[in-house]
Each structure stands twice: as C-alpha cells, then as structure tokens.
Amino acid sequence: MLDIKILREQPDLVRAGIRRKREDPSLVDKALELDLQRRQLLQKGETLKSRKNTVSAQVAAMKAKKEDATAVIAEMRGVADEIKMLDEELRTAEEALRSVMLQMPNLPDPSVPDGTGPEDNKPIAHWGEPPVIDFPPKPHWDLVKSLGLIDFDRGTKVTGAGFPVYVGKGARLERALISFFLDEAMHAGYTELLPPLMVNADSATGTGQLPDKEGQMYVVQSDGFFLVPTAEVPVTNFYRDEILPEERLPVRLCAYTPCFRREAGSYGKDVRGLNRVHQFNKVELVNLVHPTASAEALESMRAYAESLLRKLGLHYRVLLMCAADLGFTQTKKYDLEVWSVGQQRWLEVSSISNFESFQARRLNIRYRPAAGGKPEMVHTLNGSALALPRIVAALLEHYQTPEGKVVIPSALHAFTGFEVIG
RNA sequence: GGAGGGGUGGGUGAGUGGCCGAAACCAACGGUUUGCUAAACCGUCGUAGGGGGUAAACCUCUACCGAGAGUUCGAAUCUCUCCCCCUCCGCCA
C-alpha cells in the first residue's frame with residue numbers, strides 16, 4: 001500500500017508510476033476524492049464527540065455537587081445515535097478508500113526500464129557457458145524417469161497432477177540442495193526460520209496474496225487458513241505489527257518451505273516435468289532494512305543468489321525486469337534464469353525484489369530511529385535462494401553423460417553422499 | 001472436545017460506571033550531584049488519525065485497556081459474541 005500522503009503531495013508522480021506499470025492512473029483521483037470525503041466526515045464526527053465528552057464531564061461535575069442534571073442528560077440523548085451514524089458513514093468511506101489503496105500498485109524505481117511485457121526485460125549479466133555436449137541431450141523428464149529419481153505418475157495417483165514424488169537419490173538430491181542452500185545462507189549471515197506452512201488471512205493480506213491472488217492459494221476451508229505459496233508469507237509476517245529498534249536492522253531471515261501453488265489458468269504450456277508444479281521446495285530470503293539501505297540490499301541479495309548458481313556451475317543470466325513486468329508490490333526486481341540444455345531455454349529459478357515500504361505499510365512493520373522520534377516504515381525485500389525444481393532440472397540436464405548418468409557438482413558432495421547418479 | 005482462570009502502555013501490575021490515556025514500580029532517555037563507577041534526586045517517557053502553525057518546535061481535538069457488537073448522558077470497568085493465553089480432564093503424533 002502506498003502512503004496516502006504521497007498521493008496528496010505528489011499525485012502526478014504517482015500517476016506516472018502507475019502508468020509505467022500499465023495500470024489505471026485514475027485510481028489516484030478516486031483515492032484523493034475518498035480521502036477528502038473521509039476527512040470531512042471525520043471532522044464532523046469528532047466535533048460531535050468532543051461535545052459529548054464535554055457534556056459528560058459536566059454531568060459528572062453536577063452529580064458530584066448533587067445538582068440536578070436531567071436537563072443536560074435529556075439534551076444529549078440522541079447525540080450518541082447521531083455519532084453512531086456518522087461513524088458508520090466514516091467507516092464506509094474508509095473502507096472504500098482502503099479498497100482503492102489496496103488496488104493501487106507500488107511505483108517502479110526510476111532505474112527500472114520502461115516496457116510493455118516480458119520481451120522488454122533487460123538481460124544485464126551472463127555467467128558461464130552452456131555445457132559442451134556432443135550427444136543429443138535429454139530433457140530432465142526423461143532423465144528422472146530412466147534414473148528413477150522422480151515419480152510423477154504415482155504422485156498423480158496419490159494427490160494429483162503436479163505433485164511429484166522424489167524417490168531414492170532423487171529425494172536425497174532434493175534434501176542435499178535444501179541443506180546446501182540453508183547452510184550457505186547461514187554463512188552469509190542469515191537467521192534460519194522453520195515457519196508454519198499454513199497462514200491466516202491477515203498474513204496473506206499483509207504480503208499481498210489477498211485479496212487479489214486468492215485463487216493462487218490452496219485454502220483450508222474449515223479453519224480459514226491458506227497453504228503458503230512461498231516462505232515469503234510466513235517469514236515476512238514474522239514481525240507484523242511490530243516496532244523494531246533501529247539497531248536491530250537489517251533483519252536477515254531465511255527459510256526453507258514447500259510452496260503450494262494452484263497455478264490456476266496456466267495449464268497447457270510449460271508444465272512438463274519440473275517446469276511448473278503445484279508443490280515444490282524453495283529456500284527464501286527476507287530482508288527488513290533501513291529505508292536508505294534497500295537499494296544496496298537488493299544488489300547484495302542478487303549477488304548472493306548468483307553465488308549459489310556459480311557454486312553449482314550452472315550457466316545463468318540476470319534480467320532486470322521492465323516496469324510492466326514488475327509485480328504489483330514491487331519497485332524493482334531481478335530474475336535469475338538458468339540454462340536448460342535439454343529444453344534449450346532459460347528457466348527462472350530466482351526472483352529478487354525490493355518492495356520498499358509498500359509491504360511494510362500493509363504489514364505495519366516499523367523501526368524506531370535510534371536518534372529518537374516517530375517510528376518509520378522499514379523496507380522489505382525478498383528473494384529465492386533458490387527454488388529447487390528448475391535447479392534440479394537444469395542440473396540434471398547440464399551434468400548428464402552420454403551413458404545417461406548424471407555427475408553431481410562437487411559443492412553438493414558433502415550433502416548428497418554420492419558423486420554420480422546412475 | 002469438556003471444566004475453570006485470564007488478556008491493561010517496552011515489562012511487571014493497580015484500577016468494578018464519570019475527575020482514567022490510565023496509579024505504582026522496572027526498563028529506557030535527558031539532566032543534577034559525583035574524582036571514576038555506583039547510588040540518589042529531578043524531568044521526559046505509547047500509537048494512530050484530524051485541525052491549527054511557513055516548517056521543525058509546539059498547540060488542540062479524536063480514537064485506542066485482545067477484537068466486534070450492546071446498555072448508558074457517560075464504559076478499561078456492566079452485557080453478548082468471537083479470538084488468544086494459562087491450568088486441569090479427555091484424545092493424540
């Protein structure tokens with residue numbers, strides 16, 4: 001959520017940002033109108049309440065002096081109802097304003113390029129080379145089948161399509177990658193959380209899954225919970241409604257969780273193998289930082305995620321997302337994509353975003369300046385480090401041998417306990 | 001799931017209809033005192049939203065004592081619903 005004060009003070013700036021995101025700038029005018037209406041109602045109601053308080057104090061004083069207060073009381077009878085009505089109107093206005101504000105996207109950072117879609121994302125860095133393979137490389141869905149690493153069919157039987165079962169060395173490889181990513185994060189100074197896999201509606205609203213993206217989450221109807229679509233949700237909500245001392249910043253948290261996504265509407269393309277599944281594993285980073293530090297934090301998170309790919313020896317590229325391809329809550333975002341030899345295409349394995357104060361305002365996470373003064377919103381960032389399925393896909397394809405085996409990169413040996421599959 | 005107890009400011013904790021945004025203590029911050037430290041003493045010490053003020057300072061109003069609704073001229077205090085925590089019982093990994 002944006003700060004309503006920015007709308008009041010610099011509406012043009014906000015409109016321009018919204019336009020860059022290809023969303024509706026007239027939201028600004030709607031919000032300003034509702035804001036004005038809200039303040040008028042507020043003033044009316046408060047004047048009345050002030051009078052009520054004054055008169056009530058008079059009644060108390062009169063009764064203390066054993067005077068007759070019935071006249072005054074009679075005069076005030078009915079004022080309570082009037083106040084109630086005004087409060088009701090005010091509540092309606094506030095809800096309308098909030099609903100408009102919740103529809104208003106975060107503004108893109110000035111360093112984000114213009115664009116109209118994914119084709120305008122800017123590749124800004126490459127690392128490594130596609131592996132030299134002098135035989136027809138297999139896609140990972142063939143490899144996991146022939147090597148018995150993942151059983152998609154039985155997963156479909158047990159739950160449904162998109163719920164793979166990892167088997168034997170496949171399961172072990174998955175676990176090894178999770179441990180590797182978590183250990184690396186710990187060495188980089190992150191505190192590990194193992195959070196709940198279900199969250200309540202407040203948490204889902206705080207990070208922006210609700211109200212818009214409800215259809216993307218699995219819902220536990222009977223208890224009003226949502227299965228986490230990413231660890232971002234429980235982890236960022238960890239400090240919801242809190243005021244942190246400035247000395248505590250930056251807060252750097254990491255967490256492994258399974259991620260549950262309905263992926264409604266994405267049937268058809270790109271769903272083969274591990275490209276898109278309903279449950280997958282991911283290690284996520286969350287940073288809560290001082291407002292002046294978020295730009296730098298974004299870069300350092302990106303550099304950290306890159307370091308993981310380098311240790312795994314995977315060919316990758318970095319994309320700076322254009323304004324149109326930014327998510328609703330994001331001001332700036334990098335995607336990391338690894339090269340899939342078997343599919344001859346790039347696969348997104350990490351997305352690193354700065355939300356500045358947008359999420360913090362929804363979540364009400366503030367810090368108290370060390371110098372004293374009013375609490376201010378922190379800036380939040382998150383990034384995958386990393387999402388497992390496509391890493392596994394790229395890794396199996398990248399390190400496959402002509403005999404159909406797979407060589408495990410040395411960084412993982414300590415975690416897998418084996419160096420080759422097959 | 002059943003029975004009982006409870007949710008008050010950063011913490012402990014008082015407050016059963018008005019003078020309560022809320023005692024007291026602790027913590028924190030500023031100061032006085034002090035050779036240094038400690039102690040003592042004085043002061044400050046919640047959040048949010050309006051209005052005023054050129055802005056900061058500051059002034060002023062309103063709301064908030066788990067959440068919501070109700071009773072009343074007036075609610076932290078009484079009533080109802082819900083949420084959460086604790087204790088005991090049951091069930092259970």
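Throughout, protein chains are lettered first and strands after them, A, B, ... in sequence-line order, and every chain is numbered starting at 1. Treat the numbers as computed from the prediction; the structure is a model and nothing was measured. Worth knowing before you read on, the calculation uses all heavy atoms, side chains too, and leaves out hydrogens, waters and symmetry mates.
The partner of B/rC45 cannot be assigned: no Watson-Crick or G-U wobble pair with both contacts below 3.5 Å exists in any strand. When both pairing distances are held under 3.5 Å, B/rG1 makes a Watson-Crick or G-U pair with B/rC89. When both pairing distances are held under 3.5 Å, B/rU54 makes no Watson-Crick or G-U pair with any nucleotide shown. Under the Watson-Crick and G-U wobble criteria, each requiring two contacts below 3.5 Å, nucleotide B/rA40 is paired to B/rU32.
Each of A/Ile4 and A/Val72 lies near RNA chain B, and the nucleotide nearest A/Ile4 is the one positioned closer to the 5' end.
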- Task: For A/Glu184 and A/Tyr304, run side-chain contact (heavy atoms from CB on, under 4.5 Å): C-alpha distance rounded to whole Å, both residues' side-chain angles, the deciding distance at 0.1 Å, then the answer.
- Result: CA-CA 9 Å; A/Glu184 289 288 316; A/Tyr304 169 73; 3.3 Å; yes
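Among the heavy atoms of the strands lying under 4.0 Å from A/Arg38 are primed sugar atoms or P, OP1, OP2 only; no base atom is included. Residue A/Arg98 is out of contact with every strand shown, counting any heavy-atom pair closer than 4.0 Å. Nucleic acid contact class of A/Val59 (heavy atoms, under 4.0 Å, all strands): base. Residue contacts shown for A/Ala69 are absent, as no nucleic acid heavy atom lies under 4.0 Å away. Using a 4.0 Å heavy-atom distance criterion, A/Arg368 is classed as a sugar-phosphate-only contact.
Taking the P atom of each, B/rA28 and B/rG15 are spaced 28 Å apart, rounded to whole Å. Rounded to the nearest Å, the gap between the P atom of B/rG9 and that of B/rA22 is 14 Å. Atom name C1', nucleotides B/rC85 and B/rC26: the rounded distance is 23 Å, in whole Å. Between B/rC58 and B/rC65, the distance separating the two C1' atoms is 28 Å to the nearest Å. Taking the C1' atoms as reference points, B/rC45 lies 15 Å from B/rA24, given to the whole Å. When the P atom is compared between B/rU16 and B/rA56, the two are found 42 Å apart, to the nearest whole Å. If you take atom P in B/rU32 and the same atom in B/rU37, they sit 13 Å apart, rounded to whole Å. Using atom P as the reference point in both B/rU77 and B/rC64, the two lie 10 Å apart (nearest Å).
Between A/Arg366 and A/Glu376 there is no salt bridge, since no side-chain nitrogen of the basic residue lies less than 4.0 Å from a carboxylate oxygen of the acidic one. Looking at A/Glu67 and A/Lys63, no side-chain N of the basic residue comes within less than 4.0 Å of a carboxylate O on the acidic one, giving no salt bridge. Under the 4.0 Å criterion applied to side-chain N and carboxylate O atoms, A/Glu242 and A/Arg368 are not assigned as salt-bridge partners.
A cation-pi arrangement is not found for A/Lys282 relative to A/Tyr256, the charged atom failing to lie both closer than 6.0 Å to the ring centre and inside a 45° cone about the ring normal.
Ring-centre distance between A/Tyr367 and A/His290: below the 6.0 Å cut-off.
For A/Asn106 (side chain) and A/Thr329 (main-chain N/O), a donor-acceptor pair under 3.5 Å exists by modelled atom type.
In summary, contact between chain A and RNA chain B, defined as any nucleotide atom under 4.0 Å from a heavy atom of the protein, begins and ends at B/rG18 to B/rG74 in the 5' to 3' direction.
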